[in-house]
Amino acid sequence: MLRTHTRGELTAANEGERVTLCGFVWKSRDLGGLLFIDLRDRYGFTQVVFDPVVDSVLTKDAAALHGEDVVEVTGVVRLRPGDMRREDIKTGEIEVRADCLRVLSRAARLPFLVAEEETAKEPLRLKYRYLDLRRPPMQWNLEIRHVTINAIRQYLNSRGFLEIETPILMKSTPEGARDYLVPSRVHKGNFYALPQSPQMYKQLLMVAGLDRYYQIARCFRDEDPRVDRQPEFTQLDLEMSFAEEDDVFEVTEGAFAGVFRETLGYELPLPFPRMTYHEAMNRYGRDKPDVRFGFELTDVTEVCGESESAVFKKTVEEGGRVFAVVAPGGLSRKEADELEKLAKDEGAAGLAFFKVEDGGKLAGALAKFFTPALSERLLTVTGAERGDTILAAAGPFPATAEVMGSVRLALAEMTGVQKASGWHFLWVTDFPLFEEDPETGGPVPSHHPFTSPKPEDIEYLETDPLRVMSRAYDIVLNGVELGSGSVRIFEPELQRRVLRAVGVTDEEIEERFGFFLEALSYGVPPHAGIAPGIDRLVWLICGVIGIRDVIAFPKTTEATSPLDGSPSPVSPTQLRELGLSLDIDE
Ligand code: ASP
């Protein structure tokens, strides 16, 4: 190595040693003739001192250095004078008196100052990601990511799991998003898909008898851009044979416990609490509830259905539901307008407001439809008190619960509610197997079509698919969905029935899933698995604002890479080789 020590290493114990350090020039200061330069590397900082009285030429050379120049410095370790000692950095007790300086590489004028805290705008930071990544907080994020993945590997290895890679070029697996396609040159007109997840492969590994599989798997989904979404992301993908829900929960909890121990020195309380999908929707209006604060929803369908309000009566007649949330201490006009707009934007017909006045009297546009006895019941059910405002929305379930879930979150934001501190993991279980496609009204898989229905509901697959419950589960942390999993279908005929239920024709079943169904015919261990997202987990642990801060080379929200300019046009020759021609407006 060109260096004898790294930047985080030297302490008072090294006093008097002659050392050679290499690193980036971080900051320099001229104090009373002495020139101080902080050298930086991944491990920390070390203060280097140049004294013009001892060597004026050397000090002049050092003064000419610029931030981010890469240098090699040799000198002797000295204790810093008492008033210059620092306890906040590892090398705060010492400094190196330089007697030799070699510039290994000069830094050109920088597009932004690396030593400044995030002053540069994100597109610039992403274009010069290799400079952005020099900043210590970014390096810390990547280190936490490494420790996270390492802890996962250690734990799963100790539990008998094998880490197995699956193809990146594959046949499309339906996970609900659009595929990224890769044209085949050898087989013109044919395409590989990048994996949305290794779902079918991991199940085939169970068919193969590998028993316990995991992979730190890269997944690709061509979805519409969103702030916290990346077109490629990393999952801890795992699958276990002869396993059921509790087995997957236990292993996942063990892996997370290892991660929190290694990254934050925190002992997670196990097991994680569980909540059914219906309870989550009814209480929080979310299938990934943030349970760190109250403002819970209440079901006021019965009370409102008995009122004289035509809206409420109609909703109840049509089998809809009415959900309420209480705003303690009431709302300003502006706040009420904002919440009403939010509810409408999310698809509600409107938001009803009932202000609770003296003596439990209700005020508001719909209050006249409630008799005093009914008003009192509304107060009892919601727990609202004088001065509070009850907000209610009516309509079909689960859409209306979701609207009120958004109102709940917005209300929490408005009132600056204090969220419970710490790490609140939650298993959400008992999801419906299908949900209604908003466009066609037909059933689509809530998770993916390989999820097992509950045995007692299988008989309704053809006649009433939306009532069929599944053996799927989600893992949620502080209101963020970390990942989903399920007990899988392992009988070919049941797999066919589920695919048919979501409108896949028999020909398509053979064409797209024939190989998989055939595999299910040769003796299959019942199996189950899960795939928590690594980016999201590390993002929460690091407590950074954007998920991109925990990914070394992320894409922008528009799925572009300012660093290398991808996606980018390719040459006509490349297209010809692939047998492709473009049909786009210039
Ligand atoms: N493949 C699923 C997903 O990516 C997870 C699973 O069911 O294991 O969401």
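We count residues from 1, following the sequence as given. Note that ligands are numbered from 1 as they come in the structure, with each ligand's atoms numbered from 1 the same way.
For residues 268-280, every residue pair satisfying the salt bridge (Lys or Arg N to Asp or Glu O under 4.0 Å) rule, not counting sequence neighbours, is listed here: Asp246-Arg274, Glu279-Arg283.
In this comparison of Arg221, Lys202, Gln199, the heavy atom closest to atom 4 (O) of ligand 1 sits on Arg221.
When the shell of 6.0 Å around OH of Tyr192 is examined, it contains 12 or fewer heavy atoms from other residues, nucleotides or ligands. Atom NZ of Lys341 has 12 or fewer heavy atoms from other residues, nucleotides or ligands within 6.0 Å. Dense packing is recorded around CD of Glu493, with more than 12 heavy atoms of other residues, nucleotides or ligands lying under 6.0 Å away.
For ligand 1, the atoms lying closer than 4.0 Å to a non-hydrogen atom of Ser197 are 1 (N), 4 (O). Proximity to Ile530 (heavy-atom distance under 4.0 Å) selects the following atoms of ligand 1: 8 (O). For ligand 1, the atoms closer than 4.0 angstrom to any heavy atom of Gln235 are 3 (C), 4 (O). The contact set between ligand 1 and His448, taken as ligand atoms under 4.0 Å from a residue heavy atom, comprises 2 (C), 6 (C), 7 (O).
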Between side-chain atoms of residues 519-544 and protein atoms elsewhere (two or more places apart, or another chain), which donor-acceptor pairs fall under 3.5 Å?
{"from": "Ser521", "atom 1": "OG", "to": "Glu518", "atom 2": "O", "distance (Å)": "2.5"}
{"from": "Tyr522", "atom 1": "OH", "to": "Glu518", "atom 2": "OE2", "distance (Å)": "2.5"}
{"from": "His527", "atom 1": "ND1", "to": "Pro525", "atom 2": "O", "distance (Å)": "2.9"}
{"from": "His527", "atom 1": "NE2", "to": "Gln203", "atom 2": "NE2", "distance (Å)": "3.0"}
{"from": "Asp535", "atom 1": "OD1", "to": "Arg145", "atom 2": "NH1", "distance (Å)": "2.9"}
{"from": "Asp535", "atom 1": "OD1", "to": "Arg145", "atom 2": "NH2", "distance (Å)": "3.0"}
{"from": "Asp535", "atom 1": "OD2", "to": "Thr234", "atom 2": "N", "distance (Å)": "2.8"}
{"from": "Arg536", "atom 1": "NH1", "to": "Glu481", "atom 2": "O", "distance (Å)": "2.7"}
{"from": "Trp539", "atom 1": "NE1", "to": "Val544", "atom 2": "O", "distance (Å)": "3.1"}
{"from": "Trp539", "atom 1": "NE1", "to": "Ile545", "atom 2": "O", "distance (Å)": "3.1"}

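Ligand 1 is never approached by His447 to a heavy-atom distance shorter than 4.0 Å. Contact annotation: Glu239 has no heavy atom less than 4.0 Å from any atom of ligand 1. Within the structure, the closest approach of Met200 to ligand 1 does not fall below 4.0 Å when heavy atoms are considered. Every heavy atom of Gln196 sits 4.0 Å or more from the atoms of ligand 1.
Considering backbone and side-chain N/O of Asp237, none are found under 3.5 Å from N/O of ligand 1.
Residue-level proximity to ligand 1 for Ala531 is carried by backbone and side chain together, each with a heavy atom below 4.0 angstrom.
Using a cutoff of 4.0 Å between basic side-chain nitrogens and carboxylate oxygens, Lys454 and Asp457 are not scored as salt-bridged.
Among the candidates Lys121, Arg125, Arg548, Lys127, the single residue satisfying the salt bridge (charged side-chain N to carboxylate O under 4.0 Å, His left out) test with Asp132 is Arg125.
Between Phe220 and Tyr180, the angle of the ring planes goes over 60°, which puts this pair in the perpendicular group of the 30/60° scheme.
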